[in-house]
Amino acid sequence: MRKEYELKGGRPNPYAKRIGAEGHAAVLERFLRSEHFVKVDDDLIAAFPDDETVNETLRLALKLKGVLAKPKRSTTKSRSKKSA
């Protein structure tokens with residue numbers, strides 16, 4: 001690698017310097033909200049190791065509360081073929 005490509009010192013991002021720490025936090029919060037991220041408290045992280053567990057638990061909680069409707073069963077009956 002050439003000497004001019006050394007990135008040890010690096011140049012700070014001029015845009016990050018303009019918005020400051022508060023601006024950075026606001027941009028990050030807006031991004032996370034737009035991507036539907038939610039913050040889970042530290043005491044809950046151990047109970048919910050992955051997104052699948054979180055989703056199953058939330059669905060169960062909504063079913064218990066009556067918010068989430070139970071899946072409807074198919075009303076069509078399967079007809080057996082008549083032997084000829």
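Heavy atoms only: backbone and side chains are in, while hydrogens, waters and symmetry mates are out.
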Measure the spacing between [atom1] of [X] and [atom2] of [Y] and express it to the nearest 0.5 Å.
{"X": "F48", "Y": "N55", "atom1": "CZ", "atom2": "CG", "result": "10.5 Å"}
{"X": "E56", "Y": "E52", "atom1": "CD", "atom2": "CD", "result": "5.0 Å"}
{"X": "T57", "Y": "L62", "atom1": "OG1", "atom2": "CG", "result": "11.0 Å"}

If you look only at pairs with a residue in residues 38-49, which of them pass as a side chain to side chain donor-acceptor pair (under 3.5 Å), with sequence neighbours excluded?
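Found none.
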
Listed pairs under 3.5 Å, donor-acceptor, residues 25-33 side chains, sequence neighbours left out:
residue	atom	partner	partner atom	Å
E29	OE2	R33	NH2	3.4

If the condition is side chain to side chain donor-acceptor pair (under 3.5 Å), which residues does T53 pass it with, not counting sequence neighbours?
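Scan of T53 (side chain to side chain donor-acceptor pair (under 3.5 Å), adjacent residues dropped) gives D50.
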
Check for me, please, whether F37 and V40 land in the same ILVMFWY cluster - side-chain distances under 4.5 Å, paths through other members count.
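No, no single cluster joins them.
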
Counting only heavy atoms not in E22 (residues, nucleotides, ligands), do more than 12 fall under 6.0 Å from its CD?
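Counting neighbours around CD of E22, 12 or fewer heavy atoms of other residues, nucleotides or ligands fall under 6.0 Å, so no.
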
